[in-house]
Amino acid sequence: MERVSLTRTVPADPETVIDLITDVVPFMRAAGFDEVTLDGDDLTIKNRVGLFEIQLDLEVVETDAVLRYEQREGIFESMMTEYTIEAVDDGADVTATTEYSALDLPVLGEMLDTTVIARQRTKELNKQFDWLIEQVS
């Protein structure tokens with residue numbers, strides 16, 4: 001299982017940050033995805049990566065995390081992302097962790113190795129963190 005995890009301090013109280021993250025569609029769009037739809041707990045994201053359009057069908061899962069979603073269908077054998085928050089003196093530390101295993105498509109698997117996936121996911125999470133900070137500034 002591969003893992004990408006980032007933490008950033010957002011200068012706002014945890015409740016404000018939780019409200020922003022749990023407004024799932026704008027929060028997911030902030031990652032730079034081309035299309036985001038939410039129907040109940042069914043979350044679909046589409047994104048163009050290089051020559052390919054990737055679609056992930058996800059499920060929002062209730063846990064102790066502020067937001068957690070897991071892949072139902074998509075390019076990974078398995079994938080989940082969760083966001084947690086910890087109150088700190090300067091505001092709220094937001095940690096985003098994505099864990100995934102193997103690409104489920106032979107052609108993409110050769111072209112999108114773990115380095116490319118980790119780099120892309122890091123970019124998406126950083127965009128979400130930047131958006132959170134913009135929203136509270």
Problem set entry | Intermediate values then yes/no, side-chain contact (heavy atoms from CB on, under 4.5 Å), Val4 and Leu125 | CA-CA 9 Å; Val4 175; Leu125 295 174; 4.1 Å; yes
Problem set entry | Test log, rule side chain to side chain donor-acceptor pair (under 3.5 Å), inputs Gln55 and Asp57 | CA-CA 7 Å; Gln55 176 174 320; Asp57 295 321; 3.1 Å; yes
Problem set entry | Thr97 vs Leu6, side-chain contact (heavy atoms from CB on, under 4.5 Å): CA-CA, chis, key distance, verdict | CA-CA 7 Å; Thr97 302; Leu6 299 174; over 6 Å; no
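- Note that CG of Asp41 is 6.5 Å distant from CD of Glu62, once rounded to the nearest 0.5 Å.
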For this session: Start with the C-alpha gap between Tyr100 and Ile117, add the side-chain angles, then the distance that decides, and say whether side-chain contact (heavy atoms from CB on, under 4.5 Å) holds.
Result: CA-CA 10 Å; Tyr100 59 94; Ile117 293 168; 3.5 Å; yes
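- For the pair Leu43 and Val36, the minimum side-chain heavy-atom distance is below 4.5 Å.
- Side-chain contact between Leu56 and Ile75: present, with at least one pair of heavy atoms (C-beta onward) separated by less than 4.5 Å.
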Determine all donor-acceptor pairs shorter than 3.5 Å in which one atom belongs to a side chain in residues 20-32; sequence neighbours excluded.
residue	atom	partner	partner atom	Å
Thr22	OG1	Ile18	O	2.8
Thr22	OG1	Asp19	O	3.4

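- Legend: residues meeting side-chain hydrogen bond (donor to acceptor under 3.5 Å, both in side chains) with Thr7, ordered by chain and number and at least two apart, are Thr95.
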Under 3.5 Å, which donor-acceptor pairs do the side chains of residues 9-17 form with other protein atoms, sequence neighbours left out?
residue	atom	partner	partner atom	Å
Thr9	OG1	Asp93	OD1	2.4
Asp13	OD1	Thr16	OG1	2.8
Asp13	OD2	Glu15	N	3.2
Asp13	OD2	Thr16	N	3.0
Asp13	OD2	Thr16	OG1	3.2

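- Here OG of Ser101 is found 8.5 Å from CD of Gln71. Values are rounded to the nearest 0.5 Å.
- Side-chain atoms of Thr81 and Leu67, non-hydrogen and from C-beta on, never get closer than 4.5 Å to each other.
- The list of salt bridge (charged side-chain N to carboxylate O under 4.0 Å, His left out) pairs with a residue in residues 123-137, not counting sequence neighbours, reads Arg8-Asp130, Arg121-Glu124.
- For Gln135, the side-chain hydrogen bond (donor to acceptor under 3.5 Å, both in side chains) criterion is met by no residue, not counting sequence neighbours.
- Phe129 meets the ring-ring contact (aromatic ring centres under 6.0 Å, His included) test with no other residue; sequence neighbours excluded.
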Problem set entry | Criterion side-chain contact (heavy atoms from CB on, under 4.5 Å) on Met1 and Ser78, from CA distance to verdict | CA-CA 9 Å; Met1 178 114 6; Ser78 67; 3.7 Å; yes
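- Within the structure, every pair that satisfies the salt bridge (charged side-chain N to carboxylate O under 4.0 Å, His left out) test and touches residues 67-76, not counting sequence neighbours, is listed here: Asp42-Arg72, Glu59-Arg72, Arg68-Glu70, Arg68-Glu82.
- Among residues two or more places apart in sequence or in another chain, the side-chain hydrogen bond (donor to acceptor under 3.5 Å, both in side chains) test is passed with Thr63 by none.
- Taking the ring-ring contact (aromatic ring centres under 6.0 Å, His included) definition, one finds that Phe33 meets it with nothing, sequence neighbours left out.
- Not counting sequence neighbours, Glu86 has no partner by the side-chain hydrogen bond (donor to acceptor under 3.5 Å, both in side chains) test.
- Across Met79 and Leu58, no two heavy atoms sit closer than the pair CE-CD2, 3.5 Å.
- Side-chain contact, Tyr83 with Gln128: a donor N or O sits under 3.5 Å from an acceptor N or O.
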